[in-house]
Amino acid sequence: MSDALPSQAEIVIIGGGAIGCSIAYHLTKLGHKDVILLERGTLTCGTSWHAAGLVMQLRATHTMTELCRYSADLYEKLEAETGQATGFRRSGSLPVARTSARMTELKRLASLGRYFDVPVDILSPAEVAERYPLIDSKQVVGGLFIPGDGQTNPIDTTMALAKGARMRGARIFERARVTGLEAAGGAVKTVRTERGDIACDKIVLCGGLWSRDLAAMVGVNVPLFASEHMYVTTAPMEGVRPNLPVIRDTDGYVYIKEDAGKLLVGAFEPACKPLPVENLPAQFEFGELPEDWDHFALPMSKAIELVPALETAQIRHFLNGPESFTPDNKFILGEAPEVRNFFVAAGFNSQGILSAAGVGRAMADWISSGEPQMDLSEVDIARFARFQVNRRYLRERTTESLGLLYAMHWPFRQVESARPVRQGALHERLKARNACFGETAGWERANWYAPAGVTPAYEYAYGRQNWFPYVGEEHKAVRERVGMFDLSSFAKFQIEGPDAERELQRLCGNNVAVPVGRIVYTQMLNSRGGIQADVTVSRLGEDRFWVVTAAANQVRDLTWIRRNIDGAARVTIVDITSAYSVLPVMGPNARKLLARVSPADFGNAAFPFGTLQQIEIGYGMAHALRVTYVGELGWELYIPTEFVGPIFDLLEAEGRDLGLRLAGYHALDSLRSEKGYRHWGHDISPADTPFEAGLGFAVDLEGKGDFIGRAALEGRKSQPMTRRLVHFRMQEPEPVLFHDEPIYRDGRIVGRLTSGSYGYSVGAAVGMGYAECADGVTADFVEQGSYEIEIAAERFPAIASLRPFYDPASTRVRL
Ligand SMILES: Cc1cc2nc3c(=O)[nH]c(=O)nc-3n(C[C@H](O)[C@H](O)[C@H](O)COP(=O)(O)OP(=O)(O)OC[C@H]3O[C@@H](n4cnc5c(N)ncnc54)[C@H](O)[C@@H]3O)c2cc1C
């Protein structure tokens with residue numbers, strides 16, 4: 001503690017909680033010696049010390065499960081390596097269901113467990129009671145037992161990680177408060193502390209709930225907000241034997257953990273208590289917040305319902321501690337878009353202990369190599385829009401976030417708090433047409449339209465939801481007549497300048513050195529050949545291009561482009577998202593409709609597929625792009641935002657007798673799924689190459705020079721493809737697919753679905769997923785196997801194909 005701080009270091013980690021210590025541990029494991037960790041108080045004094053210490057392996061997604069599985073494995077070995085006990089033990093966990101819908105959710109988790117090779121037993125109510133005699137089995141319809149889950153002592157585990165880091169050369173300084181951060185030339189430069197400045201190459205911010213304000217010192221966005229988070233501990237209770245599994249009663253908003261003969265009851269209540277960080281004292285070390293029995297009454301009553309012995313148990317301690325939550329309940333990891341070499345690992349949504357080891361390893365890989373070494377896109381800090389640091393937004397969203405962790409994880413579930421944030425120019429019109437809006441990156445978007453007399457609101461279910469028939473009608477209109485979407489939330493970037501073509505050629509796998517007026521579908525790849533971005537590049541002029549991507553990827557893709565464009569290039573990049581609204585007009589009648597509102601020639605000769613033109617439309621001008629994400633004849637109209645209202649009205653009026661129907665995002669998803677169009681974030685990600693994803697047609701290795709990822713792709717070209725995206729269609733019309741369902745070939749698991757939807761034109765659920773085989777996923781492998789998809793622990797027969805099920809020859813787009 002009294003040691004002088006160095007004036008220089010390679011890597012400075014801020015924050016001595018579980019996360020900072022784990023990153024230090026893993027960086028030193030990779031051979032980094034010059035690692036400094038600064039903690040303003042003493043290790044664990046922030047949030048880590050009072051965690052309940054639950055360690056579960058199966059999480060909602062593939063990435064999260066990978067991180068958490070590794071944590072459990074490391075905690076088990078850490079004592080042998082460091083000599084510091086962690087308190088980790090695999091006592092198992094016991095998620096229980098009070099409703100049949102929750103049981104379906106649990107069975108889906110069990111299926112995911114099979115894919116990950118995590119043993120999971122499905123239990124009847126009687127079996128639940130056998131595992132945990134204190135449970136009143138009448139309260140549950142069933143449960144799971146996951147024997148490999150466990151619990152750990154958060155302080156000891158953090159200390160073991162710190163010890164391991166120190167043993168390999170990291171230097172940890174307590175009582176070293178960071179007071180300022182400095183960047184120069186867009187990269188980190190100095191960490192200022194109470195005890196002097198440290199010049200450094202890299203900063204890793206692991207400041208827990210203080211991270212938002214610390215990051216703001218250097219202009220970095222870290223959208224998190226603290227909430228009060230509570231548990232109580234009883235006195236020793238009869239019948240509480242050692243090694244009882246941890247109960248997770250998500251319907252009752254509680255978890256219950258055995259702790260030395262006592263029970264610890266923790267809450268994930270539906271409406272939590274946000275806590276502005278400025279309400280905490282500046283020196284908040286091992287701090288606790290006041291008890292709030294009124295707030296805890298609901299979860300406690302549920303806990304008593306499930307474990308009646310709690311009713312008479314003496315409560316020894318009420319712990320109320322702060323923890324930080326993010327707008328989408330996912331971590332904030334990675335290099336900040338705003339400042340180079342500034343890394344963040346924060347916003348753990350009450351999962352910081354169980355994921356600390358996995359996060360530490362993933363972050364160390366990223367910090368060390370400059371790129372993530374696994375698919376971390378769902379937790380990447382670059383997913384956030386700038387507005388998401390707004391404190392009113394964060395505060396309101398946090399009220400909901402904590403409870404959502406235990407709420408039903410319904411497919412298509414929409415957040416209810418902090419809305420609306422962003423509305424397109426057509427919002428009121430779409431509302432008047434009975435749109436049911438969903439939220440993405442703050443945008444209110446029409447997911448589906450209710451017919452007259454039907455309330456546009458979700459009725460969630462694991463089977464077909466209430467919108468199923470209405471979306472079917474939208475789908476049919478697009479396939480048979482014409483449909484109009486509002487996709488104005490597309491992110492759009494204008495890249496302009498004498499070096500624009502050269503720079504885009506280096507960024508894109510496909511050849512974008514095309515004549516003016518051409519549109520190129522392409523991916524931007526990372527150095528491993530993985531798909532970093534999935535975009536269209538349109539050439540509007542010699543020196544002018546538009547790059548269009550999904551709304552959710554606005555910051556992520558813009559950051560990638562900015563980071564990889566040569567600093568000396570004569571190029572400007574402008575985000576023109578708000579300037580243009582986008583109306584795709586799709587379907588066999590699209591040409592007829594557009595000809596009624598524009599004098600342009602929409603014939604195949606004058607306006608072929610893959611081209612764009614500026615057209616007159618209504619009283620205005622638009623760029624019409626002949627592309628499609630639904631597999632039909634059609635044009636995407638890019639209309640300056642203030643013109644879009646009247647043009648929408650005109651299209652609607654002129655389209656009436658052509659059978660025009662408004663269609664939303666659910667129809668879009670259904671249409672694109674059966675046509676086999678990939679969705680970035682689901683079917684394609686930084687961990688998938690275009691070859692694996694079946695997008696080899698969008699990579700030009702022959703016709704152009706070097707580009708990012710080229711060497712990796714060339715290296716892989718001659719090797720057998722051990723994983724490959726395959727299309728699936730259920731043999732029966734009833735089963736519903738979402739994503740993450742295991743894929744069986746000849747009775748063995750070979751992969752999982754990355755997305756699933758209902759293909760109204762093919763009459764069954766369809767999905768995509770990567771099949772894996774060490775000898776190569778060949779056409780024979782795909783065609784000759786007998787396939788099944790497991791949905792909620794039940795297998796259903798499926799047909800596999802390397803080609804999409806709808807219009808595989810793409811004749812419809814060229815009508
Ligand atoms: C009641 C409760 C129960 C929980 N139960 C569980 C559980 O069962 N399982 C689980 O996985 N998670 C649980 N959590 C969540 C878990 O505790 C956190 O996610 C985790 O501790 C976060 O670790 P961290 O390292 O990010 O943050 P912290 O432990 O808060 O570490 C951040 C550190 O940064 C330091 N710092 C801040 N500002 C500065 C500065 N200016 N200079 C230097 N240092 C600074 C702080 O002092 C602090 O020590 C629980 C949380 C609560 C509140």
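Order of listing sets the numbers, starting from 1, for every ligand and every atom in it.
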Quiz item: For atom 44 (N) of ligand 1, which candidate among Met56, Glu288, Arg40 provides the closest heavy atom?
Solution: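 Nearest heavy atom to atom 44 (N) of ligand 1 lies in Arg40.
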Quiz item: Is it true that Arg89 and Glu258 make a salt bridge, defined as a side-chain N closer than 4.0 Å to a carboxylate O?
Solution: yes
Practice problem: State whether Glu79 and Lys163 are salt-bridged, where the test is any N-O pair (Lys NZ or Arg NE/NH1/NH2 against Asp/Glu carboxylate O) under 4.0 Å. | Solution: no
Self-check item: Any Ala346 heavy atom less than 4.0 Å from ligand 1
Solution: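 Under 4.0 Å: no for Ala346.
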Quiz item: Within less than 4.0 angstrom of ligand 1, does Gly266 place any heavy atom?
Solution: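 No, that is not the case, since the closest heavy atom of the residue is not under 4.0 Å from the ligand.
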Quiz item: Looking at Phe225 versus Phe325, is the centre-to-centre ring distance below 6.0 Å?
Solution: no
Practice problem: Determine whether the aromatic ring centres of Phe348 and Phe331 lie less than 6.0 Å apart. | Solution: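 Ring centres of Phe331 and Phe348 closer than 6.0 Å.
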Quiz prompt | Arg98 backbone acceptor or donor facing Asp251 side chain under 3.5 Å | solution =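 The answer is yes, because a donor-acceptor pair under 3.5 Å joins these two groups.
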Who's the nearest protein heavy-atom neighbour of [atom], and how far?
atom                    : answer
atom 34 (O) of ligand 1 : Gly15 CA, 3.3 Å
atom 24 (P) of ligand 1 : Ile19 CG1, 3.7 Å
atom 52 (C) of ligand 1 : His229 CD2, 3.4 Å
atom 23 (O) of ligand 1 : Ser48 OG, 3.3 Å

Nitrogen or oxygen atoms of [X] and ligand 1 under 3.5 Å apart:
X      : result
Thr47  : yes
Ala52  : yes
Leu214 : no
Tyr255 : no
Pro322 : no
Gly41  : no
Gly20  : no

Between [X] and ligand 1, which residue portion shows a heavy-atom distance shorter than 4.0 Å: side chain, backbone, both, or neither?
X      : value
Ala176 : backbone
Ser324 : neither
Trp49  : neither

Quiz item: Can you tell if the side chain of Leu333 reaches within under 4.5 Å of the side chain of Val359, non-hydrogen atoms only?
Solution: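 Yes, their side chains come closer than 4.5 Å.
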Self-check item: Enumerated ligand 1 atoms positioned under 4.0 Å from heavy atoms of Leu38
Solution: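 In order of number, 43 (C), 44 (N).
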Quiz item: Which ligand 1 atoms, with their elements, are less than 4.0 angstrom from a heavy-atom of Gly46?
Solution: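 So the atoms of ligand 1 that pass are 30 (O), 48 (C), 49 (O).
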Quiz item: When you look at His50 and Tyr231, which way does the ring-ring contact (aromatic ring centres under 6.0 Å, His included) test go after all the steps?
Solution: CA-CA 10 Å; His50 55 43; Tyr231 60 70; 7.3 Å; no
Practice problem: Assign the ring pair Tyr255 / Phe268 to parallel, tilted or perpendicular, where the plane angle (0 to 90°) is split at 30° and 60°. | Solution: tilted
Quiz item: Would Glu81 and Arg168 satisfy salt bridge (charged side-chain N to carboxylate O under 4.0 Å, His left out), going step by step from the backbone distance to the final call?
Solution: CA-CA 12 Å; Glu81 183 197 329; Arg168 283 188 293 268; 2.9 Å; yes
